[in-house]
Every structure is written in structure tokens, then in C-alpha cells.
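Report on one structure; see the data block that follows.
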Amino acid sequence: MTATVLILAPHPDDESITGLLPLRLKEECGFRVWVVPATLGSRADRRAARARELRAACRALGFGVRFLAAEDPAAELPAVLAAIRPDAVFLPHAKDGHPTHRATHRLGVAAMDAAGGGFHVVETEYWHPLERPNLMVAAKKSHVAALQKALACHVGEVARNDYAARLPAWMSDNVRRGAELVGGKGAAAPNMAYATLYRARIRAGGKWRAPYRGGRIVETPEQLRALAAAWV
């Protein structure tokens, strides 16, 4: 059975902004990646276009898309989790600095608790940094370019705020932060130009627990496979 991850994206475009680890899992470990948008944005007149843009971005990344019923996504998501049976779930952290991101965190956690069992969870950040990330994943220039290409598919969003153009600067600053937050106090910055920070946790029985002690820095394919092996 093919290993699978599910990205619960607050909006179309978040799958590309924070999608480095899923992209590397697909390319280097053969994972299948599903994107499930929690919303299509607050503007009703843009939702059809944003759905089309999301499909285009996911085609560029090689991800699949599954849409939730707009009437009651909270009721449908547990069944989607049961159908996809993801080896890891990606979703925003609880304090991300956008109300839809925080609501998406709550939506995902409630769905995992309703589905039962245990889930490997990878929390993402964008509008507010994680206070305690425990995973830093390196990106090659080719990864950054692929994410930028996908982001450019979200035409309406980059027209008002060019997330694609600004992505490399954000990923470069993640290396500065991650050196000590993930690598340890006083640690030297690793020899990478770009990275994305995450927090890996396990959700089971309505509670959180850590999957490992300290932090992990993933640069090589071997390190990535070791991380993924714990999920499958």
C-alpha cells in the first residue's frame, strides 16, 4: 500500500507555501499526497476560481485534491480521514496568526479525535511562528522553484500579495531560526540555504505526545526516509 499524507489546508495556496516536506516525501519516498482545503476563502465570488487555481497548483506539484462539502466540513472530514487513511496529517498549529488557520487546526484535531486511533501530525506555521518547532527540512533550489511555480497558479492571491516571490526569503529566514530552535541553543546554522520549520507530534486518545526527543534536521534523503519510516 502506498504511504500517504493529507494536507488540511486553511486556504488554497497554503498547500504550496508549507508543502516542502510533502513534496520531498512524494519525490524521494514515493508518498501519495492529498490536499483537502478546509475553505475556499472568505469571498464567495472567488471560490470557484480558487478551486480551479488549487487544482492547477496541485497538478504542478503532483498532489491530489479532495474537496469537502461546503455545508458541513466538520461532519465530513472524519470520513475523509477514514477513506484516505493518511500516514501523517499536516495542518496549521493552534496559534497561527490567522483565524482561519486556527479554526482549521481545531477542525483537524476534532476530526482525528472523532475518527479514533492515533495520527502522526505535522503542524505548519506561516502567520505566526511556532514557538517550539522540532523539525527543520532543507530545500534545494529546485524545491523552492517548484513551490513558487505552484504558488503562481493562485493568480488571485499573488496579485494582491506575491507569496511566490517572497517565499525564498521566508525559507531562508527559517534556517536562521531553526538553527537554534531545532538544532539546540548555541548551535551553528546548518549548511543549507532554505528550509521549512514544522512541529511533529502524535495525536491519540484526545491527547498530544512527542514522537521523539529534541529536534530533527532533515537534509539528506536518508534522513528523510528515517523520519518517514516511523509513520508508515
Residue pair [X] / [Y]: nearest heavy atoms and the distance that separates them:
{"X": "Thr2", "Y": "Asp87", "answer": "O-OD2, 4.5 Å"}
{"X": "Pro92", "Y": "Pro10", "answer": "CG-CG, 3.3 Å"}
{"X": "Pro12", "Y": "His154", "answer": "C-CE1, 3.5 Å"}
{"X": "Leu20", "Y": "Met171", "answer": "CD2-CE, 4.0 Å"}
{"X": "Glu125", "Y": "Thr18", "answer": "O-CG2, 3.6 Å"}
{"X": "Pro86", "Y": "Leu81", "answer": "CD-O, 3.4 Å"}

Query raised in the report: Taking the six-membered ring of Trp34, is the NZ or CZ of Arg66 close enough (under 6.0 Å from the centre) and on axis enough (within 45°)?
Result: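 So Arg66 doesn't make the cation-pi contact.
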If hydrophobic clusters are built from ILVMFWY residues whose side chains come within less than 4.5 Å, do [X] and [Y] share one?
{"X": "Leu227", "Y": "Ile217", "result": "no"}
{"X": "Ile84", "Y": "Val122", "result": "no"}
{"X": "Trp208", "Y": "Leu197", "result": "no"}
{"X": "Leu91", "Y": "Phe67", "result": "no"}
{"X": "Leu54", "Y": "Leu77", "result": "no"}

Query raised in the report: Would you say the side-chain atoms of Gln148 and His143 include a donor-acceptor pair closer than 3.5 Å?
Result: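 Looking only at side-chain atoms, His143 and Gln148 do not form any donor-acceptor pair under 3.5 Å.
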Query raised in the report: Taking atom types as modelled and ignoring hydrogens, do the side chains of Asn134 and Arg201 form a donor-acceptor contact shorter than 3.5 angstrom?
Result: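 Short answer, no.
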Please check if the side chain of [X] supplies one atom and the backbone of [Y] the other of a donor-acceptor pair under 3.5 Å.
{"X": "Glu219", "Y": "Ala138", "result": "no"}
{"X": "Glu76", "Y": "Ala69", "result": "yes"}
{"X": "Arg203", "Y": "Gly206", "result": "yes"}
{"X": "Arg32", "Y": "Ala3", "result": "no"}

Got a sec: does the [atom1] of [X] have more than 12 other heavy atoms crowding it under 6.0 Å?
{"X": "Lys95", "atom1": "NZ", "value": "no"}
{"X": "Asn161", "atom1": "CG", "value": "yes"}
{"X": "Arg225", "atom1": "CZ", "value": "yes"}

Query raised in the report: Between Tyr163 and Trp170, does the ring centre distance come in under 6.0 Å?
Result: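 No, the ring centres sit 6.0 Å or more apart.
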Query raised in the report: Is the ring centre of His128 less than 6.0 Å from the ring centre of His101?
Result: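 Judged by ring-centre distance (under 6.0 Å), His128 and His101 do not meet the cut-off.
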Requested in this report: Can you measure from CD (Glu123) to NE2 (His93) and round to the nearest 0.5 angstrom?
Outcome: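 Reported value, rounded in 0.5 Å steps: 8.0 Å.
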Taking side chain as C-beta onward, heavy atoms only, is [X] less than 4.5 Å from [Y]?
{"X": "Leu224", "Y": "Leu21", "answer": "yes"}
{"X": "Asp13", "Y": "Arg50", "answer": "yes"}
{"X": "Leu61", "Y": "Leu23", "answer": "yes"}
{"X": "Thr4", "Y": "Val33", "answer": "no"}
{"X": "Ile202", "Y": "Phe119", "answer": "no"}
{"X": "Leu181", "Y": "Leu130", "answer": "no"}
{"X": "Val80", "Y": "Val36", "answer": "yes"}
{"X": "Pro22", "Y": "Phe63", "answer": "yes"}

Requested in this report: Go through Glu27 and Arg24 one step at a time and tell me if the salt bridge (Lys or Arg N to Asp or Glu O under 4.0 Å) criterion holds.
Outcome: CA-CA 5 Å; Glu27 292 184 346; Arg24 287 196 58 183; over 6 Å; no
Query raised in the report: After noting the C-alpha distance and the side-chain angles of Thr100 and His11, does the key distance pass the side chain to side chain contact (heavy atoms under 4.5 Å, CB included) rule?
Result: CA-CA 8 Å; Thr100 303; His11 309 93; 3.6 Å; yes
Report task. For the residue pair Phe90 and Trp231, categorise the inter-ring angle as parallel (less than 30°), tilted (30 to 60°) or perpendicular (more than 60°). Result ->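 Perpendicular.
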Query raised in the report: Given the rule in the side chain to side chain contact (heavy atoms under 4.5 Å, CB included) test, do Val182 and Leu135 qualify, once you have shown the distances and angles that lead to the verdict?
Result: CA-CA 6 Å; Val182 179; Leu135 179 60; 5.7 Å; no
Requested in this report: Evaluate the criterion side chain to side chain contact (heavy atoms under 4.5 Å, CB included) for residue pair Thr196 and Tyr126; output intermediate values, then yes/no.
Outcome: CA-CA 10 Å; Thr196 301; Tyr126 191 65; over 6 Å; no
Query - Under-4.0 Å salt bridge between Glu157 and Arg160 - result: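 So Glu157 pairs with Arg160 through a salt bridge.
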Requested in this report: Take Leu147 and Ile17, measure what side chain to side chain contact (heavy atoms under 4.5 Å, CB included) needs, and give me the verdict at the end.
Outcome: CA-CA 7 Å; Leu147 295 170; Ile17 292 171; over 6 Å; no
